[in-house]
Participant: 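Got a structure for you, written out below as structure tokens; questions coming shortly.
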Amino acid sequence: MTVLDTPAWRPRTDAAPLLPDPEPYRLLGTPDAARLDAALLRSLYGQLVRGRRYNQQATALTKQGRLAVYPSSTGQEAGEIAAALALRPQDWLFPSYRDTLAVVARGVDPVEALTLLRGDWHTGYDPRACRVAPLSTPLATQLPHAVGLAHAARLRGDDVAALAMVGDGGTSEGDFHEALNFAAVWQAPVVFLVQNNGFAISVPLAKQTAAPTLAHKAVGYGMPGRLVDGNDAAAMHEVLTAAMDRARSGGGPTLVEAVTYRIDAHTNADDATRYREDDEVAAWRTHDPVTLMECELTARGLLDDALRTGAADDAEAMAADLRERMHATPVLDPMDLFAHVYAEPTPQLREQRAQLQAELEAEHRS
Amino acid sequence: MTVLDTPAWRPRTDAAPLLPDPEPYRLLGTPDAARLDAALLRSLYGQLVRGRRYNQQATALTKQGRLAVYPSSTGQEAGEIAAALALRPQDWLFPSYRDTLAVVARGVDPVEALTLLRGDWHTGYDPRACRVAPLSTPLATQLPHAVGLAHAARLRGDDVAALAMVGDGGTSEGDFHEALNFAAVWQAPVVFLVQNNGFAISVPLAKQTAAPTLAHKAVGYGMPGRLVDGNDAAAMHEVLTAAMDRARSGGGPTLVEAVTYRIDAHTNADDATRYREDDEVAAWRTHDPVTLMECELTARGLLDDALRTGAADDAEAMAADLRERMHATPVLDPMDLFAHVYAEPTPQLREQRAQLQAELEAEHRS
Amino acid sequence: MTTAATAAGRTAAPARKPATMAQALNQALRDSLAADPAVHVLGEDVGALGGVFRITDGLTQEFGEDRCTDTPLAEAGILGTAVGMAMYGLRPVVEMQFDAFAYPAFEQLVSHVARMRNRTRGALPLPITVRIPYGGGIGGVEHHSDSSEAYYLHTPGLHVVTPATVEDAYGLLRASIASDDPVIFLEPKRLYWSKADWSPQEPSEVAPIGRAAVRRPGRTATLITYGPSLPVCLEAAEAAEEEGWDLGVVDLRSLVPFDEETVAAVVRGTGRAVVVHESSGFGGAGAEIAARITERCFHHLEAPVLRVAGFDIPYPPPMLERHHLPGVDRILDTVGRLQWEEG
Amino acid sequence: MTTAATAAGRTAAPARKPATMAQALNQALRDSLAADPAVHVLGEDVGALGGVFRITDGLTQEFGEDRCTDTPLAEAGILGTAVGMAMYGLRPVVEMQFDAFAYPAFEQLVSHVARMRNRTRGALPLPITVRIPYGGGIGGVEHHSDSSEAYYLHTPGLHVVTPATVEDAYGLLRASIASDDPVIFLEPKRLYWSKADWSPQEPSEVAPIGRAAVRRPGRTATLITYGPSLPVCLEAAEAAEEEGWDLGVVDLRSLVPFDEETVAAVVRGTGRAVVVHESSGFGGAGAEIAARITERCFHHLEAPVLRVAGFDIPYPPPMLERHHLPGVDRILDTVGRLQWEEG
Ligand SMILES: Cc1ncc(C[n+]2csc(CCOP(=O)(O)OP(=O)(O)O)c2C)c(N)n1
Ligand SMILES: Cc1ncc(C[n+]2csc(CCOP(=O)(O)OP(=O)(O)O)c2C)c(N)n1
Ligand SMILES: [Mg+2]
Ligand SMILES: [Mg+2]
């Protein structure tokens, strides 16, 4: 026995339990699905149908010039919805720019969720009121925010946990590393959900990482990594809920990798044919999150017309409402540009505000 | 079989072989040491004695005001020396600010290696001529440099590998993450040596990471992680040499964690009593790299007076030469401040250069 | 520099015909890759996709993945590995996808890219070109419209170059890649689709880095600008004729080195100057330009050098950006404040 | 602000006696922690060690690890988690160990800290104070002597404050921590050991953020400076008396907001001004100050506003830094170039 047995360097954590399963965890279509509550399956189905419709509608709005851009989550609805459902009212969601569906599923008004992408302001909802952070465009930068907020809540003794979303590409950023490390060291009540769709815009996963799986990154921080079929809404719901419960009970952070695929291109502005094969898309269509759920419901004789039409009508209503409200052009006050830079505008900003005011009045007169 | 079996996300790497041993790899004092070549042990011993003396001398120079500051590697000599010995002439070393000993062991003139710390310039040696990058002060920032250089050499078809050094604290930086990821994706011929002395200045490892070991971080990048007794020069030499050979033969990068301890404080300016216990230091003294080697040599009847005094005299000569040459105050030309900012000074710099020139002449006249 | 901009080693190029700035940049990269095997392009989505703005379109197909490489998504890693590649003798050309996404690489840029040559007394020059699409006016959502030039021009060791014409886009990028110093190459993204009759066969027309161009002579006052604001200034100069003002326009092209001589000479001629740029005014490039001109030309000035710049606010959302961007009216209003009576 | 600077909730403080700036800063942190449970200090080595400059000395011992926390070694992580803490209602006070080591946090600073309030229409203000020891003159090796204020003052959404006296160190830090806006609090590290008779019991003397202080009235010309250069300017003003010059000295204290009124008023009185700071001149704070004063005071100026700044070079090694730093002679030489004849 040498000094090497001193605590200074000694593993405090056993690696084995941190390692993810070799295959993505699945429930739908497996014997285990039997134990799933029918009501849960029905509500997940409704949410999936609604989510799919939301993506279609938002994409349509870009064609009509009502949105500056839309990064669709078509094909990823299971992850988006499971993330929202894993949260209690007091918990916080930290979405990436991709995740307006999760934000909407969390309960934020779709029009407010789309403000950033419509271009009338950077955030349309009150993050404190909704417990949803602003959509984060700089990749992975929202992850340390989630850690800090969860840590703060814990310091305050509040029963609040955070769930942060990021893509496979985002895992390469330094902020991903620093956030997971802080979370593990502080044992912050936070869950990191990586939606691995196999691409970062045009860059395939093989050029992004050489890791066995992204979930394996968890080991290096001393937190458990879970590998899940990201298109299996039931599996995602179960794993995320368990991870959040673990965080709440002081068990510390978890890294969840959801293996999925985005049927739509990176955004409406992107041309996916430049970097991926149609048959790859076709292959993934056979593993569609909505279809997977439908099969399960059918197998269990739960997919009656009531459920089907109920979900479809609900989705249509949401889409119609969104369409209509997004067609009204927002009324904006240019003076808002100066209103929120600081609590009190600086002398310089007051001057610039006056200048713009004068210009607008001149414009108006002429 | 579903689409989940498509290559898009599927593990390309098996995790098991990437995991480090549960205990630090050791040779000295173990039965395996028997197979070690006597000549190797002797030369390692000589280098260790020389390295220890170098640290003492450099620290002494700070007291005499000949060095602005010195971050000692006393206690870490095994890692410093093994790093240098693992390199062939054409390979590159990427040292941190801590690693002047490795730089000297690599063959750089000690006076030139200490230029940064003496304060007459930022780098004293020609990195290209020595194949040693400048000592890097911003933590972990040298790691992507090592990856880029190794990658470039590979693209050029040159048989060149790189070894980059960093501390336990440095592993928390985003650059550590990004560098290891790039290295693994590019399969660059580079080895990352983390010297884990259990502290980042005053911050103990437990506040730095919750990982089982730092070597476990390798798994998340898809490269092997090796855990080694950093005070065992023979083990360090074997592991680093093997890792470098692996890199050269196209096997890709390796992360090596050397478990060690620094007997000296962070730098001569630091007061270690504020954050660590004397008995911890005492405990580690019982596992001193020089002593470990001496025991092995003694056990094998190799530590005769010739070796002992030979090593001591050689170290004294080095120290005396260093002492003497560091006592000569360097002659500096302030105009150098403008000579290397760009290939050609800008008009503004030419003007500023003339201004300083005039000031100095005025000073001179008065 | 000039040799760098010559057609050396270029594959047969098309004759003079309308080309966009994006095409000229793409041609400059293609020609640089062809001319020098040490040149390597790397960044996010620069391969199969050809970059989100298609500036690297076709390069991977033509030169292979080793010469034009899709990297992992990490800007510090991209620039940091480029430093290592340059240390080994390569000439990396890095693409940052958008202005705001260069910030993660700030430490590598300031602490290493800008300093390595000086740190090593010239032993390790870093011939790295960092291409950054910058500025607004394209309806981009947050983080896609920043003008970050002031951060770079205040960092000794960096050259900061920004073209405003199709021809300069080609010539300055060739010159930047050929430069032995690191160059921050700022591409005005809203001019990517601007067109001009241009042929890469006349690169000799291209000025070396560090020379401003007088785009329009003028006797009444001088507009000093660069990059995305050049067309606006030329438009303003046109409109000013109605007011009886003969406005000159200077395109700096390079912020570092700064072509003091040319600018000072022009301003001494008019005695009045307005600096125009998109980035926030406070501590922006215009401050340096105004302060410097005033130091040099004080007794020739009829009025203080004024500035027209973006407001001191975070870049606005798409629907409000037109209020932020310096436009013809704001420029002319400012020219009108050049104290014509008192002068 | 003023209330923030009052003694509210402070533990009994020592009577007026010689104190160093470091002690005043430490007291300000201690008093802020005591006054408001939402205040949390975090950074590298701020705990047991008390920070490499001992500014956080004793805080962990007094308030516990949750209030003064040693973080992992990652500046973006420190600032990024501070953003999250502030989103939850805390008031994080972040220490960056040295100027150059704040660069890794640049993206978090520019893209989030500076913008969150604006992004959310005021719903998510971020009351974060980022303490950064800055500047040279302490014989620090590379990366330990940067003056990075120009990067921050050009970033809308940030306040940029820097004390030059023991009293301001206390008052401005209290005010910064109490501010609902993010504040970059730049600590002139070579003044850490400067002493003054000071008692934390008179914080009412402390001006709110955004007010410059006239440190010395003067009729001949005005030296405008801040932070580490204030003592140098006062020394220069002393020395100038021999030349028969009566130099005034203005200490800006806050670069953002910039106290235009005070500065302009003083310069109108003298008609001559020199801006003095340590950071590289090109695109430095002095450029904005000179340009702005000239815009405001053009017809009162007898000479162009000149600048004395560090050279446009990477910060020199310890043995050469004295040539780089603005000293008394360089300041007086520059004052001598204020065109006394022509004026
Ligand atoms: C720091 C940063 N760098 C680059 C970008 C530009 N960008 C936006 S999305 C994207 C790809 C993201 O891929 P991934 O993280 O896998 O998310 P996905 O789009 O697949 O959902 C890139 C490079 C950015 N937003 N932020
Ligand atoms: C980016 C950066 N942040 C902070 C520092 C200040 N600093 C210098 S050494 C050090 C601790 C480094 O600890 P470790 O990496 O374990 O190396 P060691 O000193 O133990 O050899 C710190 C925080 C730095 N040099 N660079
Ligand atoms: Mg993705
Ligand atoms: Mg250490």
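The chains referred to below are lettered A, B, ... by the order of the sequence lines, with proteins before strands, and numbering in each begins at 1. Computed from a predicted structure; not experimentally measured.
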Participant: With a 4.5 angstrom heavy-atom cut-off, could you sort out which part of Arg296(C) is near chain D: side chain, backbone, both or neither?
Facilitator: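 Neither; nothing under 4.5 Å.
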Participant: Count the heavy-atom pairs under 4.5 Å between each of Pro317(D), Ser111(D), Gly286(D), Ala100(D) and chain C, then report the option with the highest count.
Facilitator: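 Counting heavy-atom pairs under 4.5 Å, the top option is Ser111(D).
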Participant: Is it true that the side chains of His277(D) and Glu149(D) contain a donor and an acceptor less than 3.5 Å apart?
Facilitator: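 Their side chains do not contain a donor-acceptor pair, so the 3.5 Å distance test is not met.
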Participant: Ala290(D), Gly157(D), Gly284(D): which one forms the most heavy-atom pairs within less than 4.5 Å of chain C?
Facilitator: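 Option with the top pair count is Gly284(D).
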Participant: Taking the side chain from Ser280(C) and the backbone from Phe311(C), do they hold a donor-acceptor pair closer than 3.5 Å?
Facilitator: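 Present.
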Participant: Got a donor-acceptor contact below 3.5 angstrom from the His144(C) side chain to the Val141(C) backbone?
Facilitator: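 Yes; judged by distance alone, with no hydrogens or angles, the pair exists.
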Participant: Determine the interplanar angle of the His324(D) and Tyr315(D) rings, folded into 0 to 90°, and report it as parallel if under 30°, tilted if 30 to 60°, perpendicular if over 60°.
Facilitator: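 Correct class here is perpendicular.
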Participant: So what's closer than 4.5 Å to chain D heavy atoms on Val256(C): side chain, backbone, both or neither?
Facilitator: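 For Val256(C), the side chain is the part near chain D, not the backbone.
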Participant: Among Arg211(D), Arg268(D), Arg292(D), find the one that has a salt bridge (Lys or Arg N to Asp or Glu O under 4.0 Å) with Glu260(D).
Facilitator: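 Among Arg211(D), Arg268(D), Arg292(D), the one that satisfies the salt bridge (Lys or Arg N to Asp or Glu O under 4.0 Å) with Glu260(D) is Arg292(D).
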Participant: Under 4.5 Å from any heavy atom of chain C, what part of Glu142(D) do you find: side chain, backbone, both or neither?
Facilitator: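 Side chain only.
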Participant: Using heavy-atom distances under 4.5 Å, tell me whether Ile289(C) contacts chain D through its side chain, its backbone, both, or neither.
Facilitator: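 Neither part.
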Participant: Using non-hydrogen atoms only, which part of Leu153(C) is less than 4.5 Å away from chain D: side chain, backbone, both, or neither?
Facilitator: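 Looking at Leu153(C), backbone and side chain both touch chain D.
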Participant: Return yes if some donor-acceptor pair links the side-chain N/O of Glu321(C) with the main-chain N/O of Gly137(C) below 3.5 Å, else return no.
Facilitator: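 Yes, the answer is positive, given that a donor and an acceptor are paired below the 3.5 Å cut-off.
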Participant: Taking every non-hydrogen pair under 4.5 Å, which of Asp146(C), Val305(C), Leu306(C) racks up the most with chain D?
Facilitator: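 Counting heavy-atom pairs under 4.5 Å, the top option is Asp146(C).
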Participant: Would you mind checking which part of Val110(C) comes under 4.5 Å of any heavy atom in chain D, side chain (CB onward), backbone (N, CA, C, O), both or neither?
Facilitator: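 Contact with chain D: side chain only.
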Participant: Which atoms of Thr155(C) are under 4.5 Å from chain D, going by heavy atoms: the side chain, the backbone, both sets, or neither?
Facilitator: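 Contact with chain D: backbone and side chain both.
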Participant: Can you tell me which portion of Arg337(C) sits under 4.5 Å from chain D's heavy atoms? Options are side chain, backbone, both or neither.
Facilitator: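 Contact with chain D: none, neither part.
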Participant: Sort Ile293(D) into side chain, backbone, both or neither according to what part of it lies under 4.5 angstrom from a heavy atom of chain C.
Facilitator: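 Contact with chain C is absent: no heavy atom of Ile293(D) under 4.5 Å.
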Participant: Tell me, out of Arg119(C), Glu75(C), Arg307(C), who's got the most heavy-atom pairs with chain D below 4.5 Å.
Facilitator: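 Result: the option with the highest number of such pairs is Arg307(C).
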Participant: Name the region of Gln108(C), side chain, backbone, both or neither, that has any atom closer than 4.5 Å to a heavy atom of chain D.
Facilitator: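 When you check distances to chain D, no heavy atom of Gln108(C) falls under 4.5 Å.
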Participant: Who wins among Tyr151(D), Tyr103(D), Phe101(D) for the most heavy-atom pairs under 4.5 Å with chain C?
Facilitator: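 Ranked by contacts with chain C, first place is Tyr151(D).
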Participant: Any side-chain donor paired with an acceptor under 3.5 Å for Thr270(C) and Thr222(C)?
Facilitator: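 The answer is yes; a qualifying pair exists.
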Participant: Looking at Pro104(D), is its backbone amide N or carbonyl O close enough to the side chain of Glu107(C) to form a donor-acceptor pair, meaning the two atoms are under 3.5 Å apart?
Facilitator: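 Between the backbone of Pro104(D) and the side chain of Glu107(C) there is no qualifying donor-acceptor contact (under 3.5 Å).
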Participant: Using only atom types and a distance under 3.5 Å, with no angle test, would you say the side chain of Asp99(C) pairs donor to acceptor with the backbone of Ile132(C)?
Facilitator: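 The answer is no, because no donor-acceptor pair under 3.5 Å joins these two groups.
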